[in-house]
**Student:** 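Quick one: the structure is below, questions incoming.
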Amino acid sequence: MNNKVRELAREEVNGQYIYMERVRELLAAAGKTLYCYVETYGCQQNEADSEIIRGMAVEMGYALCDSADKADFIVLNTCAVRENAENRVFGNLGALSHLKRNKPDLIIALCGCMAAEEHVQEKVKKSFPHVALVVSSNALWQLPSLLYSVLLTGRRAFSETDAAGVIAEGLPKLRDRGVKGWLPIMYGCNNFCTYCIVPYVRGRERSRKKEDILADARAMLEEGYKDITLLGQNVNSYGKDETGKARFPELLREVAALPGDFRVRFMTSHPKDAGEELFSAMAESPKVAKHLHLPFQAGSDAVLKRMNRGYTAEHYLSLVRKARSLMPNLVLTSDVIVGFPGETEEDFQKTLDLIQEVRYDALFTFLYSPRKGTPAAKMEDVVPEEVKKERFARLLEIQNRISAEIHQSYVGKTVQVLVDGHAEGKEGYLSARTDGGRLVVFPGGDELIGRWVGVEVTDNTTWSLAGRLAAK
Ligand code: SAH
Ligand code: SF4
Ligand code: F3S
């Protein structure tokens with residue numbers, strides 16, 4: 001395996017601009033507007049990649065649209081992290097075949113993490129003949145040349161599933177105009193947690209240059225973004241791939257020191273590498289949101305060990321104590337997996353104990369899903385499906401109670417929120433988020449979008465808070 005980070009030479013990226021131009025010329029021959037539709041699954045990394053896909057599509061002459069029915073080029077940007085995510089994509093992909101029958105020139109592309117799995121490429125080759133293009137996340141920069149070859153030859157194109165990966169700077173990017181934006185600082189992952197497919201589909205860890213990240217952050221602030229999330233599978237590893245590069249706490253401080261009225265946050269932080277330096281950088285920078293997403297995955301040391309997580313429950317709890325001592329109002333969220341192979345009732349109880357000790361503001365709970373090619377998929381002592389589900393339900397019940405209690409404690413208080421848009425399905429209402437990402441809905445006018453306001457909380461549900469604009 002080649003561990004060296006390779007940043008693409010400018011000429012290689014420019015080469016793709018030439019293909020974008022060629023595609024544009026081919027499309028112009030149609031003599032009408034052609035539309036591209038991008039559907040994004042999975043995590044924020046994919047959201048960020050979809051901005052590049054849209055940027056390239058527009059550069060290639062497509063107009064963007066928001067339904068598959070209208071599109072001439074459909075891109076599914078997929079996630080491989082759990083089996084049900086993959087099944088959903090295969091289901092949707094199958095359903096697109098009727099569109100292809102009615103519109104033979106339609107190009108359907110499967111991009112993202114699933115596209116890097118060999119068994120997925122095989123399945124598409126055999127069973128989804130209407131899919132013309134399969135492009136893994138690491139090969140996304142080659143989308144224009146691959147699409148060009150499909151358009152020119154009519155033959156299907158499959159990218160390589162190269163695990164090393166590159167850094168491709170300078171590709172076009174089209175962000176949704178909005179208040180919150182994603183900013184990738186690194187790609188890939190080297191941690192190889194035994195359940196996880198990400199290192200296989202996203203390749204080795206590689207960090208972008210600090211200057212490129214700061215330039216992106218400045219551009220986003222100029223475009224009006226008020227809330228920037230620095231993205232990486234383990235941001236604490238930022239810069240470790242090369243000596244002399246800045247490390248994450250330094251990068252965070254520098255982004256937070258940029259001029260402007262904004263917040264910066266980050267995800268994800270791995271407990272084995274997070275520590276005082278990071279928490280101090282958060283605590284000392286007023287523009288860093290006091291929100292930490294620190295996945296714990298399991299409360300039992302035996303399970304953590306089999307997951308190859310590299311910390312114990314006690315170490316995790318000591319981090320939480322440290323972070324909270326430096327940031328008393330810290331909002332803490334986490335990920336947890338239920339039903340990892342060999343998880344006994346006693347192990348699971350330790351997960352429940354940890355949740356009750358930490359009292360997370362929000363928890364993302366996952367049923368363990370075996371992923372082909374990962375070490376955990378070969379482990380014995382598989383937890384029966386009904387036991388998994390029963391544990392999952394117990395965990396949810398406890399977490400819902402904790403979330404409700406935390407929400408209830410907000411009633412009567414005034415919270416500072418950033419207004420990010422209209423509330424879904426509620427005319428005249430706005431949706432806003434606290435520093436920690438808590439959803440607050442209140443009546444208000446469009447002029448407040450993109451601004452920080454105080455909202456007096458009057459009501460709560462398990463998932464959100466409701467209130468009214470506080471008097472100044
Ligand atoms: N890099 C991040 C997480 C990326 S995946 C981190 O380490 O925190 C997001 C979450 O999906 C993980 O935190 C984990 O809880 C969950 N997950 C990953 N693989 C899974 C699997 N095979 N089954 C169930 N959940 C999984
Ligand atoms: Fe997956 Fe672990 Fe890497 Fe997160 S740190 S992406 S869970 S291997
Ligand atoms: Fe899914 Fe890939 Fe993200 S597997 S969680 S989209 S890195």
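Quick note: numbers below take in every heavy atom, side chains included, and nothing from hydrogens, waters or symmetry partners. Atoms within each ligand, like the ligands themselves, are counted from 1 in listed order.
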**Student:** Could you list the atoms of ligand 1 found under 4.0 angstrom from a heavy atom of Gln233?
**Tutor:** 1 (N), 2 (C), 3 (C), 4 (C), 6 (C)
**Student:** Apply side-chain contact (heavy atoms from CB on, under 4.5 Å) to the pair Glu277 and Met282, showing each step before the final yes or no.
**Tutor:** CA-CA 9 Å; Glu277 224 190 313; Met282 291 176 75; over 6 Å; no
**Student:** Is Lys70 positioned over the aromatic face of Tyr35, cation under 6.0 angstrom from the ring centre and no more than 45 degrees off axis?
**Tutor:** yes
**Student:** Parallel, tilted or perpendicular: which describes the rings of Tyr311 and His270, with under 30° parallel and over 60° perpendicular?
**Tutor:**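 If you compare the ring of Tyr311 with that of His270, the planes turn out perpendicular.
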**Student:** Starting at CG of Leu252, measure out to CZ of Arg247 and round the result to the nearest 0.5 Å.
**Tutor:**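 If we round to the nearest 0.5 Å, Leu252:CG and Arg247:CZ are 15.0 Å apart.
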**Student:** With a 4.5 Å limit on heavy-atom distance, are the side chains of Asn84 and Ser369 in contact?
**Tutor:**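 With C-beta onward as the side chain, the pair stays apart.
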**Student:** Any idea which part of Tyr195 is under 4.0 Å from ligand 1, heavy-atom wise: side chain, backbone, both or neither?
**Tutor:**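 Under 4.0 Å from ligand 1, Tyr195 contributes backbone and side-chain atoms.
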**Student:** Checking side-chain hydrogen bond (donor to acceptor under 3.5 Å, both in side chains) between Tyr41 and each of Asn92, Asn46, Thr78, which is the one that passes?
**Tutor:** Asn92
**Student:** I'd like to know if the side chain of His291 pairs up with that of Arg263 as donor and acceptor (distance under 3.5 Å, no hydrogens or angles considered).
**Tutor:** no
**Student:** Could you give me the CA-CA distance, side-chain angles and deciding distance for Val338 and Thr351, then say whether side-chain contact (heavy atoms from CB on, under 4.5 Å) is met?
**Tutor:** CA-CA 9 Å; Val338 175; Thr351 291; 5.7 Å; no
**Student:** Would Lys322 count as a cation-pi partner of Phe279, with NZ or CZ less than 6.0 Å from the six-membered ring centre and within 45° of the ring normal?
**Tutor:**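 Not satisfied by the 6.0 Å and 45° rule.
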**Student:** According to ring-ring contact (aromatic ring centres under 6.0 Å, His included), who are the partners of Phe248, at least two apart in sequence or on a separate chain?
**Tutor:** Phe266
**Student:** Identify, by atom number and element, the atoms of ligand 3 in contact range of Gln233, meaning under 4.0 Å from any of its heavy atoms.
**Tutor:** 7 (S)
**Student:** Run the numbers for me: atoms of ligand 1, each under 4.0 Å from some heavy atom of Arg309, listed by number.
**Tutor:** 7 (O)
**Student:** Specify side chain, backbone, both or neither for Ser369, according to which of its non-hydrogen atoms lie closer than 4.0 Å to ligand 1.
**Tutor:**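 Answer for Ser369: both.
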**Student:** Is Tyr368 in polar range of ligand 1, meaning some N or O pair under 3.5 Å apart?
**Tutor:**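 In this structure, Tyr368 places no N or O atom under 3.5 Å from an N or O of ligand 1.
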**Student:** Closer than 4.0 angstrom: is that true for some heavy atom of Val81 and an atom of ligand 1?
**Tutor:**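 Within the 4.0 Å threshold, so yes.
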**Student:** What do we get for Leu367 next to ligand 1 when only non-hydrogen atoms under 4.0 Å count, side chain, backbone, both or neither?
**Tutor:**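 Only the backbone of Leu367 comes within reach of ligand 1.
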**Student:** For Leu304 versus Thr312, what's the shortest heavy-atom pair and its separation?
**Tutor:** CD1-C, 3.9 Å
**Student:** Below 30° counts as parallel, above 60° as perpendicular, anything between as tilted: where do the rings of Phe128 and His130 land?
**Tutor:**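 Tilted.
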**Student:** Specify the protein heavy atom at minimum distance from atom 26 (C) of ligand 1: its residue, its atom name, and the distance to 0.1 Å.
**Tutor:** Arg82 NH1, 3.4 Å
**Student:** Give the residues near ligand 2 by chain and number, with the criterion being a heavy-atom distance under 4.0 Å.
**Tutor:**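 Close residues (ligand 2, cut-off 4.0 Å): Cys189, Asn191, Phe192, Cys193, Tyr195, Cys196, Val198, Pro199, Gln233, His270, Arg309.
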**Student:** Among Leu332, Leu395, Asp335, whose side chain to side chain contact (heavy atoms under 4.5 Å, CB included) with Leu363 holds?
**Tutor:**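 Looking at Leu332, Leu395, Asp335, the match for Leu363 under the side chain to side chain contact (heavy atoms under 4.5 Å, CB included) is Leu395.
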**Student:** Would you say Asp335 has any N or O atom under 3.5 Å from an N or O of ligand 1, going by distance alone?
**Tutor:**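 So ligand 1 has an N or O lying under 3.5 Å from an N or O of Asp335.
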**Student:** Quick one: which ligand 1 atoms are inside 4.0 Å of a heavy atom on Gln297?
**Tutor:**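 Selected atoms, number and element: 12 (C), 13 (O), 14 (C), 15 (O).
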**Student:** Counting only nitrogen or oxygen atoms and a 3.5 angstrom limit, does Thr268 reach ligand 1?
**Tutor:**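 Among all N and O atoms of Thr268, none is under 3.5 Å from an N or O of ligand 1.
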**Student:** Answer with yes or no whether His270 contacts ligand 1, where contact means a heavy atom under 4.0 Å from a ligand atom.
**Tutor:**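 In this structure, His270 fails to qualify as a contact of ligand 1 - no heavy atom is under 4.0 Å.
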**Student:** For atom 1 (Fe) of ligand 3, check which protein N, O or S atoms are under 2.8 Å away and list them.
**Tutor:** Cys79 SG
**Student:** Can you pull out every ring pair (Phe, Tyr, Trp, His ring centres under 6.0 Å) where at least one residue sits in residues 321-354? Sequence neighbours excluded, please.
**Tutor:** Phe340-Tyr368
**Student:** Any N or O of Asn234 that comes nearer than 3.5 Å to an N or O of ligand 1?
**Tutor:** no
**Student:** Is it true that Arg54 and Glu59 have a side-chain N and a carboxylate O under 4.0 angstrom from each other?
**Tutor:**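 Result for this pair is no, no salt bridge flagged.
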**Student:** About how many Å separate OG of Ser269 and CG of Leu230, when rounded to the nearest 0.5 Å?
**Tutor:** 11.5 Å
